[in-house]
Novice: 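Below is a structure I'd like to ask you about.
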Amino acid sequence: MRKSIRFVAVTMLISSVLLTLLCFYCSGVLQKNSAYKTMDTRIESVIEKTEEYDKLTEQTVEKVRSKYESKTRVLAMILSQTPNLQNDDVSFEELRVAIDAEEISITDMDGKIIYTTAPYMTETYAYTDFMECMNEKRNVKSVITELDGKRVIVAGTARLDTDGIIQVIFNTDMMESATASSDISTVVSEYPLMKKGCVAVIDMDNYRYLSHTKKILTGTSPQIKRELFSRNSGTFATILNGENALGRYKYTEDESKLVIAMISKREIYSARNTLTGWVFFVSLVLSVIAVLIMRMLEIKRG
């Protein structure tokens, strides 16, 4: 009988270990797949929101540019009717203020600036993009660029009184104010990921965070190697808050941005570890109880 008890004890102990290992593996797979599903869902939500922001921003920028282009066209008509206006510095400056421009410049047929409200622009040339406007008097173009470290909109059209270009520089305050509600840097703050996970949007042109759950990282370069994101979507391993983590990624439709989601392995497998501990404890208790029952039966028979 003692051999039988010993055999049962060893068998149940082995069974407990095997059951615990099986629970460890199966629950781990389920937890990882669940985490991947959560990350994929969050990534899709962020991509949808990002593309919505991009579309809204593009529409707003086009409206502002169209408005400034119209002002430039009207300015060309005014100057064609009063050709001596540019010779009067006061009237020329008043005209600049009236259309809410930063600078107004007028060129000769070669694109060289001969009249301007900004003295430093004298003897310089208009943007080459505007030179083709002289071949089409009704054509108006605009570009968004930087001037002295400041973002500006530059609009250009042909002079109507003679050959030359009218170039007007506008600030982007109106555009930035209108697009503030669609600021992509805030997009992931609306999508927290579990308890300590994070989501981020990366600009693939300069490889910097456009948006990050940790706002302090927005505008910085990711520490994750770019080579890990070689496919349209996939999985990668990284370090998050000093812990090993798993992540998922996916590119936006135009592949200009990459959305990533990361969760530490500790958080992913926390439920598995708890469940495995309880399974081992319960199976061990049951094994002890079974052995005690058999021992009691042996004593009664003896």
Side-chain angles (χ1 to χ4, degrees), residues 33-71 140-146 150-155 170-224 226 228-236 238 240 245-263 267-268:
N33 289 339
S34 177
Y36 281 167
K37 185 176 181 179
T38 299
M39 285 189 277
D40 287 343
T41 300
R42 197 70 79 242
I43 286 173
E44 290 296 337
S45 298
V46 171
I47 287 178
E48 183 179 345
K49 195 69 175 178
T50 298
E51 292 177 344
E52 180 183 323
Y53 276 21
D54 286 345
K55 185 177 181 180
L56 181 59
T57 299
E58 183 179 350
Q59 291 175 345
T60 303
V61 170
E62 285 306 312
K63 286 181 181 179
V64 173
R65 288 179 63 173
S66 179
K67 181 176 181 179
Y68 287 156
E69 287 174 0
S70 296
K71 285 186 175 184
V140 184
K141 297 187 67 176
S142 64
V143 295
I144 299 176
T145 185
E146 283 195 1
K150 184 180 179 182
R151 202 176 182 203
V152 295
I153 297 177
V154 185
F170 298 93
N171 63 49
T172 57
D173 292 349
M174 181 187 296
M175 183 179 72
E176 290 172 359
S177 176
T179 58
S181 60
S182 57
D183 184 5
I184 197 173
S185 67
T186 63
V187 69
V188 299
S189 62
E190 301 175 16
Y191 299 97
L193 186 61
M194 298 178 69
K195 292 182 179 180
K196 298 181 180 180
C198 70
V199 184
V201 181
I202 302 174
D203 184 343
M204 296 309 291
D205 291 332
N206 56 25
Y207 203 60
R208 290 181 178 274
Y209 287 124
L210 288 173
S211 183
H212 198 287
T213 303
K214 290 185 176 179
K215 292 184 178 181
I216 193 173
L217 294 179
T218 299
T220 64
S221 299
Q223 298 301 309
I224 308 169
R226 191 170 187 156
L228 293 176
F229 310 122
S230 57
R231 297 184 297 173
N232 180 261
S233 62
T235 306
F236 64 97
T238 185
L240 179 64
L246 295 177
R248 298 280 283 178
Y249 70 89
K250 186 175 181 179
Y251 284 90
T252 55
E253 187 175 353
D254 60 3
E255 296 188 353
S256 63
K257 301 178 186 65
L258 177 72
V259 180
I260 62 174
M262 299 170 284
I263 305 175
E267 185 171 4
I268 291 175

Novice: When rounded to the nearest 0.5 angstrom, what is the spacing between CD1 in Ile153 and OG1 in Thr145?
Specialist: 11.0 Å

Novice: Would you mind reporting whether Thr38 and Leu193 have side-chain heavy atoms less than 4.5 Å apart?
Specialist: yes

Novice: Apply ring pair (Phe, Tyr, Trp, His ring centres under 6.0 Å) to Phe229 and list each qualifying residue two or more places apart in sequence or on a separate chain.
Specialist: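 Ring pair (Phe, Tyr, Trp, His ring centres under 6.0 Å) list for Phe229, sorted by chain: Phe236, Tyr249.
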
Novice: Tell me whether Lys67 at atom NZ has more than 12 heavy atoms from other residues, nucleotides or ligands lying less than 6.0 Å away.
Specialist: no

Novice: Kindly indicate whether the side chain of Leu246, heavy atoms from C-beta on, has any atom under 4.5 Å from the side chain of Ile268.
Specialist: yes

Novice: What pairs with Glu44 under salt bridge (Lys or Arg N to Asp or Glu O under 4.0 Å), at least two apart in sequence or on another chain?
Specialist: Lys250

Novice: Tell me the closest heavy-atom pair linking Thr220 and Ile216, and the distance in Å.
Specialist: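 Closest approach of Thr220 to Ile216: CG2-O, 4.1 Å.
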
Novice: Sequence neighbours excluded, which residues qualify as side chain to side chain donor-acceptor pair (under 3.5 Å) partners of Thr50?
Specialist: none

Novice: Only counting residues at least two apart or in another chain, list the ones meeting side chain to side chain donor-acceptor pair (under 3.5 Å) with Ser256.
Specialist: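 For Ser256 the side chain to side chain donor-acceptor pair (under 3.5 Å) partners, ignoring immediate neighbours, are Asp254.
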
Novice: Flag the pair Glu255 / Asn232 as yes when at least one side-chain heavy-atom distance between them is below 4.5 Å, and no otherwise.
Specialist: yes

Novice: Report the distance from atom OG1 of Thr41 to atom OH of Tyr36, rounding to the nearest 0.5 Å.
Specialist: 14.5 Å

Novice: Answer yes or no: are there more than 12 heavy-atom neighbours, outside Arg226 itself, under 6.0 Å from its atom CZ?
Specialist: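 Above 12, so yes.
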
Novice: By salt bridge (Lys or Arg N to Asp or Glu O under 4.0 Å), which residues pair with Asp40, not counting sequence neighbours?
Specialist: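 With neighbours one apart ignored, the set is Arg248.
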
Novice: Suppose we screen for side-chain contact (heavy atoms from CB on, under 4.5 Å). Which residues come up paired with Lys63, at least two apart in sequence or across chains?
Specialist: none

Novice: What distance separates Leu210 CG from Met204 CE, expressed to the nearest 0.5 Å?
Specialist: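 Atom-to-atom, Leu210:CG and Met204:CE are 10.5 Å apart.
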
Novice: With sequence neighbours excluded, tell me which residues meet side chain to side chain donor-acceptor pair (under 3.5 Å) with Lys214.
Specialist: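 Result, side chain to side chain donor-acceptor pair (under 3.5 Å) vs Lys214: Asn241.
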
Novice: If you compare all heavy atoms of Leu240 against all heavy atoms of Cys198, which two are closest, and at what distance to 0.1 Å?
Specialist: CD1-SG, 3.7 Å

Novice: Could you work out, with salt bridge (Lys or Arg N to Asp or Glu O under 4.0 Å) as the rule, every residue matching Glu48, not counting sequence neighbours?
Specialist: none

Novice: Would you say the side chain of Thr238 lies within less than 4.5 Å of the side chain of Gln223, judging by non-hydrogen atoms?
Specialist: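 They are not in side-chain contact.
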
Novice: Would you mind listing every salt bridge (Lys or Arg N to Asp or Glu O under 4.0 Å) that reaches into residues 195-211, with sequence neighbours excluded?
Specialist: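 Sorted result for residues 195-211: empty, none.
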
Novice: With Glu146, which residues qualify under side-chain contact (heavy atoms from CB on, under 4.5 Å), at least two apart?
Specialist: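 Glu146 satisfies side-chain contact (heavy atoms from CB on, under 4.5 Å) with no other residue.
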
Novice: What's the shortest heavy-atom distance between Glu51 and Glu253, and which atoms?
Specialist: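 Residues Glu51 and Glu253, closest heavy atoms: OE2-N, 3.4 Å.
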
Novice: For residues Val199 and Thr213, report the shortest heavy-atom separation together with the two atoms involved.
Specialist: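 Looking at all heavy atoms of both residues, the shortest contact is N-OG1, 2.8 Å.
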
Novice: Is a donor on one side and an acceptor on the other found under 3.5 Å between the side chain of Ser66 and the backbone of Glu62?
Specialist: no

Novice: For Ile47 versus Tyr251, what's the shortest heavy-atom pair and its separation?
Specialist: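 Shortest heavy-atom separation between Ile47 and Tyr251 comes out as CD1-O, 3.9 Å.
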
Novice: What closest approach, in Å, do Phe170 and Ala155 show between heavy atoms, and which atom pair accounts for it?
Specialist: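 Minimum heavy-atom separation between Phe170 and Ala155: CE1-CB, 4.2 Å.
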
Novice: Nearest 0.5 Å please: distance from the OG1 atom of Thr60 over to the OH atom of Tyr53.
Specialist: 12.5 Å

Novice: Which residue in the set Ile224, Leu228, Ile43 passes side chain to side chain contact (heavy atoms under 4.5 Å, CB included) when paired with Ile260?
Specialist: Ile224

Novice: Taking only residues two or more places apart in sequence or in another chain, which ones pass salt bridge (Lys or Arg N to Asp or Glu O under 4.0 Å) with Lys257?
Specialist: Asp54

Novice: Quick one: list whatever passes side chain to side chain donor-acceptor pair (under 3.5 Å) with Glu69, sequence neighbours left out.
Specialist: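 For Glu69, the residues satisfying side chain to side chain donor-acceptor pair (under 3.5 Å) (neighbours in sequence not counted) are Ser142.
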
